[in-house]
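Because the structure is predicted, anything quoted here is derived from the model rather than measured. In what follows, every chain begins at residue 1, and chains take the letters A, B, ... in the order their sequences are listed.
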Protein chains: 2
Amino acid sequence: MEARRDVFQAIADPTRRAIIGMIAQQPVNVNTIAEKFDVSRQAISLHLKILSECGLLNIQQQGRERFCEARLDKLNEVHEWVAQYHKLWTGRMAALKQFVEQEELLPKSPKKHKKTKK
Amino acid sequence: MEARRDVFQAIADPTRRAIIGMIAQQPVNVNTIAEKFDVSRQAISLHLKILSECGLLNIQQQGRERFCEARLDKLNEVHEWVAQYHKLWTGRMAALKQFVEQEELLPKSPKKHKKTKK
DNA sequence: TATATTTGCAAGCAAATGATTGCATATTAT
DNA sequence: ATAATATGCAATCATTTGCTTGCAAATATA
């Protein structure tokens, strides 16, 4: 269990995404997190370790408890990767929409063009 | 190989992200994609299958070639998931920045407060 | 038609993943 | 001091992943 360890890998697991959602607002201790899932505490512990290893969460010890705090800024890498494509496709959609509207509004547009073949 | 098959899982693999980047602008056929990587064509073929299965790419047969076209809109799920947290953390940063600036500008701000303990 | 090209499918494999159970350790409450 | 609580670590295990190689099918070219 010592392989690729990056943010994309980390958020690929639904349990880990749920954990992030659970601690996004405020730090939560390990057991409280574990109780919300129906897998063993150890399994959650491993997920926390993975999240921690790729910087997505900080752990603050407080007495015998450990509070997990989300480091949302570490999602930046993902955000940027997706955002570039998001921009690309929304840009295309906008262009398409504009094109369609323009076609529709042209008073004498030769509709036959729609059927231009091959 | 019949398990979880979602977009998050799909983009977890760096090769698959690279493939998406390669076909984001225009469709590319399978062999051309495969040539860009130093793994076997079969390995790429499997990645394409995975991407296709979760809707991230369409395949259009053209003669004996198959062109892979990116379906960037399918990244929406990821975009939305990340965007909510992006908003959260940038919001916090903005608030923090504002707070700091306000502190600095207050003529008679009691600086001791910085040291408020525990 | 014979041959080359493009691609998929299947079998086999090592490594990674996600989970479990049992035991150890530190801290807090009795 | 003793018991209870919170948590980590290690061993183990079934699946999944990513890859490879070999073979088959469809299409294009000589």
*Can a side chain N or O of Asn29(A) be found less than 4.0 Å away from OP1 or OP2 on dA6(D)?*
no
*When all nucleic acid strands are considered with a 4.0 Å heavy-atom cut-off, which category describes Glu65(B): base, sugar-phosphate, or nothing?*
sugar-phosphate
_5' precedence on DNA chain C between Asp38(A) and Ser45(B) (nearest-nucleotide basis)_ = Ser45(B)
_If I take atom CG in residue Leu46(B) and atom C1' in nucleotide dC9(C), what distance separates them, rounded to the nearest angstrom?_
11 Å
_Out of dA19(C), dT17(D), dC19(D), whichever nucleotide has its closest atom nearest the side chain of Gln9(B)_ = dT17(D)
*So does Arg64(B) reach the base of dT6(C) with its side chain, donor to acceptor, closer than 3.5 Å?*
no
*Quick one: does Glu77(B)'s side chain have a donor or acceptor within less than 3.5 Å of a partner on His79(B)'s backbone?*
no
_Given dT7(D), dG18(C), dG8(C), the nucleotide with the shortest approach to the side chain of Val30(B)_ = dG8(C)
*Nearest-Å distance, CZ (Arg5(A)) to C1' (dA16(C))?*
9 Å
_Rounded distance [0.5 Å steps], CG in Leu72(B) versus CG in Leu75(B)_ = 6.0 Å
*asked:* I want to check one thing: is the phosphate of dC19(D), taken as OP1 and OP2, less than 4.0 Å away from some side-chain N or O of His47(B)?
replied: yes
*Evaluate whether atom CD of Gln26(B) has more than 12 neighbouring non-hydrogen atoms of other residues, nucleotides or ligands under 6.0 angstrom away.*
yes
*Check whether any side-chain N or O of Arg66(B) sits under 4.0 Å from OP1 or OP2 of dT5(C), and answer yes or no.*
no
*Look only at the side chain of Gln9(B) and the backbone of Asp6(B), and say whether a donor-acceptor pair between them is shorter than 3.5 Å.*
no
*Give a yes/no on whether any side-chain N or O of Ser40(B) is located under 4.0 angstrom from OP1 or OP2 of dT20(D).*
yes
_Selected nucleotide, minimal atom distance to Asn31(B) side chain, candidates dG18(D), dC19(D), dT7(C)_ = dT7(C)
*Take atom CD1 of Ile50(A) and atom P of dT17(C), then tell me their distance rounded to the nearest Å.*
7 Å
*Could you tell me the separation between the CG atom of Asp6(A) and the P atom of dA16(C), rounded to a whole number of Å?*
14 Å
*asked:* Tell me the interatomic distance from Leu48(B), atom CG, to dC19(D), atom C1', rounded to whole angstroms.
replied: 15 Å
*Spacing between Glu35(A) atom CD and dT5(D) atom P, to the nearest angstrom*: 12 Å
*asked:* Under a 3.5 Å distance rule, please check whether Arg16(B) uses its side chain to pair with a backbone N or O of Ala10(B) as donor and acceptor.
replied: yes
*asked:* Rounding to an integer number of Å, can you tell me how far Lys49(A) NZ sits from dG18(C) C1'?
replied: 13 Å
*When only distance counts, do a donor and an acceptor, one from the side chain of Arg41(B) and one from the base of dG8(C), lie under 3.5 Å apart?*
yes
*asked:* Let's test your reading of the model: under 3.5 Å, does the base of dG18(D) pair with the side chain of Gln42(B) as donor and acceptor?
replied: no
*Nearest whole angstrom, please: distance from the P of dT16(D) to the CZ of Arg16(B).*
15 Å
